[in-house]
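Have a look at the structure below before the remarks.
Everything quoted here is computed from the prediction, not taken from an experiment. We're numbering straight along the sequence, starting at 1.
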Amino acid sequence: MAGHGADEHPHGADRLCETGDRVYSRAVRRGRVPRRDAEPVPCLLELALLHPDPDDMDWLVPTSPQEVMTRLLRGMHDEVSASQRRVGSAVAAVEWYAGLGRQVRPAASGAEGPAIRVLDGLARIQAAMDEATQACTTEVLTVQPGGIRREAELSEGLHRALALRGRGVRMRDLYTHVARHGQGLLTYLELMGDAVEARTLDEVIDRLILFDRTVAFIPANSDRTMALELRHPALVAYLVTIFDRLWRLAIPLTAPLPDTGIEGISHREQSIAALLAEGHQDAVIAERLGISVRTCRAHIARLSETLGAASRTQLGVRIAQAGLDGPQHSSASVSVPGQESRTAR
């Protein structure tokens with residue numbers, strides 16, 4: 001799309017350029033258009049008239065004319081007191097979209113159209129999140145992977161969190177145990193007060209944000225420059241169930257982590273031992289627990305020393321003999337192979 005910036009398309013959805021009019025109309029008639037057809041008209045993506053097809057990212061699907069009408073009317077209502085001059089053009093545009101909508105066959109405007117929306121680009125993601133925040137009235141559920149949260153990440157969503165707190169919305173956040181060591185998170189929670197409840201687990205699923213149990217946001221690619229906005233009731237209910245089950249297993253941030261029952265082995269090292277027993281590589285273990293590979297290997301070295309293992313193969317045997325390859329211990333004492341019986345601290 002180089003060479004076709006927004007300055008070449010100085011218009012809104014109420015007055016498309018000639019090329020944009022032609023491409024959008026074709027998309028409405030056919031149900032979708034190849035992404036390359038929209039390269040000369042980036043205005044259609046910037047105005048959210050076209051967005052990526054969830055089933056094939058090489059294609060773009062149109063926002064329905066009915067949804068565009070609703071958006072225009074909402075904007076007209078907000079601006080009418082400050083800019084009466086725009087009323088005539090907005091009404092004319094609504095009539096144009098309404099006429100175009102009548103050309104669409106009923107099958108092409110099924111109820112599942114807006115149930116899954118691809119948000120392409122950080123600006124589009126932020127705008128959708130802000131819209132969901134403004135509409136939220138009761139509850140926000142979030143899963144935040146990745147270990148210690150950077151202050152920039154916490155600051156990015158602070159305005160939304162403060163707006164929710166101001167309206168009495170309750171928030172529940174899930175983090176990895178590693179996040180407990182981040183001062184930025186502790187400062188954020190202190191600022192939010194009793195509006196936010198946080199719990200931690202050894203590992204969590206990928207990022208998830210749920211508003212009022214009606215709309216969810218999840219990443220659509222590895223670098224999180226794309227996201228899916230989910231409004232299908234069955235999908236959202238499924239994600240809520242996953243969150244609730246993880247929440248019941250999680251430990252409140254204000255409570256200490258449970259003792260492993262083995263002297264010299266920390267809670268994190270017990271989690272690493274279980275993942276090693278499953279056959280995972282160091283990098284995978286580090287990612288799942290939200291720590292660096294270097295830190296992970298340092299814990300593995302301490303595990304080997306504590307269990308008296310001279311090699312990775314022997315470490316696997318020692319882990320199994322100590323019972324570290326299964327659920328976490330609750331017994332008072334555990335015998336470490338090759339060493340005296342160690343009593344829980």
Side-chain angles (χ1 to χ4, degrees), residues 27 31-32 35 44-68 70-71 74 107-146 153 156-157 159-161 163-164 167 169-176 196 199 201 203-250:
R32 64 177 188 170
R35 183 183 285 267
L44 296 181
L45 285 168
E46 292 162 3
L47 296 171
L49 295 178
L50 295 179
H51 51 88
D53 187 340
D55 297 323
D56 189 343
M57 294 299 179
D58 291 331
W59 291 79
L60 299 173
V61 295
T63 300
S64 69
Q66 292 84 353
E67 184 176 339
V68 178
T70 301
R71 187 192 309 163
R74 186 186 303 121
S109 56
E112 293 193 6
I116 302 177
R117 185 160 66 117
V118 179
L119 305 173
D120 194 351
L122 297 178
R124 188 77 63 225
I125 295 172
Q126 295 298 333
M129 292 279 290
D130 287 339
E131 183 179 350
T133 299
Q134 293 170 7
C136 183
T137 59
T138 58
E139 179 186 53
V140 177
L141 311 176
T142 76
V143 178
Q144 304 288 1
E153 293 177 326
E156 178 273 320
H159 69 286
R160 285 192 293 268
L164 291 165
R167 297 201 303 273
V169 174
R170 303 292 298 176
M171 289 166 269
R172 288 191 287 157
D173 299 337
L174 275 173
Y175 302 92
T176 61
V196 175
R199 294 186 181 185
L201 285 163
E203 53 181 310
V204 296
I205 58 175
D206 208 345
R207 193 177 190 194
L208 168 67
I209 303 177
L210 286 151
F211 292 91
D212 283 342
R213 305 192 176 212
T214 57
V215 56
F217 295 89
I218 62 173
N221 61 355
S222 58
D223 59 5
R224 297 182 182 173
T225 57
M226 299 179 69
L228 295 182
E229 177 183 316
L230 308 175
R231 293 183 180 272
H232 193 289
L235 286 174
V236 174
Y238 182 79
L239 293 173
V240 169
T241 299
I242 291 175
F243 180 93
D244 285 340
R245 292 184 181 179
L246 290 175
W247 184 260
R248 285 195 294 272
L249 295 172

Worksheet item: Are Asp55 and Arg32 within salt-bridge range, i.e. N to O under 4.0 Å?
Response: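 Salt bridge flag = no for Arg32 with Asp55.
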
Worksheet item: Going by an N to O cut-off under 4.0 Å, is there a salt bridge joining Asp244 and Arg172?
Response: yes

Counting C-beta onward and ignoring hydrogens, is there a side-chain heavy-atom pair between [X] and [Y] closer than 4.5 Å?
{"X": "Leu45", "Y": "Leu60", "value": "yes"}
{"X": "Arg199", "Y": "Arg248", "value": "no"}
{"X": "Arg207", "Y": "Gln144", "value": "yes"}
{"X": "Asp206", "Y": "Ile218", "value": "no"}
{"X": "Val118", "Y": "Leu228", "value": "yes"}
{"X": "Asp120", "Y": "His51", "value": "no"}
{"X": "Arg167", "Y": "Thr137", "value": "no"}

Item to complete: Look only at the side chain of Asp212 and the backbone of Thr138, and say whether a donor-acceptor pair between them is shorter than 3.5 Å.
Response: yes

Worksheet item: Has the side chain of Asn221 got a donor or acceptor atom that lies under 3.5 Å from a matching backbone atom of Thr225?
Response: yes

How many angstroms lie between [atom1] in [X] and [atom2] in [Y], if you round to the nearest 0.5 Å?
{"X": "Leu164", "Y": "Glu139", "atom1": "CG", "atom2": "CD", "answer": "11.5 Å"}
{"X": "Glu229", "Y": "Arg124", "atom1": "CD", "atom2": "CZ", "answer": "11.5 Å"}
{"X": "Tyr238", "Y": "His232", "atom1": "OH", "atom2": "NE2", "answer": "14.5 Å"}
{"X": "Leu141", "Y": "Leu174", "atom1": "CG", "atom2": "CG", "answer": "8.5 Å"}
{"X": "Met226", "Y": "Met57", "atom1": "CE", "atom2": "CE", "answer": "4.0 Å"}

Practice prompt. Might you work through the side-chain contact (heavy atoms from CB on, under 4.5 Å) test for Val143 and Ile242, ending with a clear yes or no?
Written response: CA-CA 10 Å; Val143 178; Ile242 291 175; over 6 Å; no

Item to complete: Take Arg231 and Val236, measure what side-chain contact (heavy atoms from CB on, under 4.5 Å) needs, and give me the verdict at the end.
Response: CA-CA 7 Å; Arg231 293 183 180 272; Val236 174; 5.6 Å; no

What are the two closest heavy atoms between [X] and [Y], and how far apart are they?
{"X": "Thr142", "Y": "Ile209", "value": "CG2-CG2, 4.1 Å"}
{"X": "Ile125", "Y": "Arg224", "value": "CD1-O, 4.0 Å"}
{"X": "Pro62", "Y": "Ala27", "value": "CG-O, 3.4 Å"}
{"X": "Leu246", "Y": "Leu201", "value": "O-CD1, 3.7 Å"}

Item to complete: Step by step, work out the side-chain contact (heavy atoms from CB on, under 4.5 Å) result for Leu119 and Phe217.
Response: CA-CA 10 Å; Leu119 305 173; Phe217 295 89; 3.8 Å; yes

Worksheet item: Looking at Leu208, Val204, Ile205, which one forms a side chain to side chain contact (heavy atoms under 4.5 Å, CB included) with Pro145?
Response: Val204

